[in-house]
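Only one structure is covered here, and it is reproduced in the block below.
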Amino acid sequence: MATWVNERCHKCRHSFTGGHTPIREVVGPPFLICPKCSSINNRESSCTEWLLMPPGRRAKHYATAALNVLVLSVSVGLLISIAWAYLGTGTLDFGTDDDAGLRFLLCWILGLPLSIWRVVHVHRRLVRASAERLRDEQYRSALVRLGYMRAA
Ligand SMILES: [Zn+2]
């Protein structure tokens with residue numbers, strides 16, 4: 001699911017991410033100033049501040065979050081149910097375990113609130129950091145100057 005990215009300066013090819021990273025930032029500054037050549041790199045198409053994000057992109061962001069909850073809860077559920085089966089029987093022979101499906105279902109339901117909490121926590125942290133950046137007067141005026149935001 002992760003797409004490896006290497007964000008580079010369009011002018012001097014300096015890497016902003018220090019090589020390839022598995023995470024693409026979605027909520028963050030829509031532009032990056034190259035520390036090497038000082039040119040302004042537009043990355044609005046892949047990343048912008050939460051307040052500047054159009055509703056369609058927010059919806060896509062929420063859909064991704066929901067998918068993350070699903071993947072995380074299934075993984076957690078599988079892990080717990082495997083541990084449970086192993087501790088209960090001393091083996092990992094699921095062929096003779098009639099309750100494996102039911103056990104997984106129960107573990108998945110147990111893992112669900114944990115996964116929701118985790119994904120919501122990450123989301124809140126991103127939005128909070130975004131709001132924090134926007135409180136910076138200098139950053140706001142840079143956003144206005146570069147045309148990402150209308151002057152308040
Ligand atoms: Zn550069």
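Whatever order the structure lists ligands and atoms in, that order sets their numbers, starting from 1. Quantities reported herein were computed from a predicted structural model and do not represent experimental measurements.
- Considering every non-hydrogen atom in both Ser38 and Ile33, the closest pair reads O-CG2, 4.0 Å.
- In terms of modelled atom types and a separation under 3.5 Å, the side chain of Ser130 and the main chain of Leu126 share no donor-acceptor contact.
- Distance alone, capped at 3.5 Å, is enough to place a donor-acceptor pair between the Arg58 side chain and the Trp50 backbone.
- The aromatic rings of Phe16 and His14 sit perpendicular to each other, their planes meeting at more than 60°, with 30° as the lower class boundary.
- Taking Arg43 as the reference, Glu7, Glu25 meet the side chain to side chain donor-acceptor pair (under 3.5 Å) condition, with sequence neighbours excluded.
- Within the protein, the N, O or S atoms sitting under 2.8 Å from the Zn ion (ligand 1) are Cys9 SG, Cys12 SG, Cys34 SG, Cys37 SG.
- In terms of heavy-atom proximity, Gly19 sits nearest to Asn6 at O-OD1, 3.2 Å.
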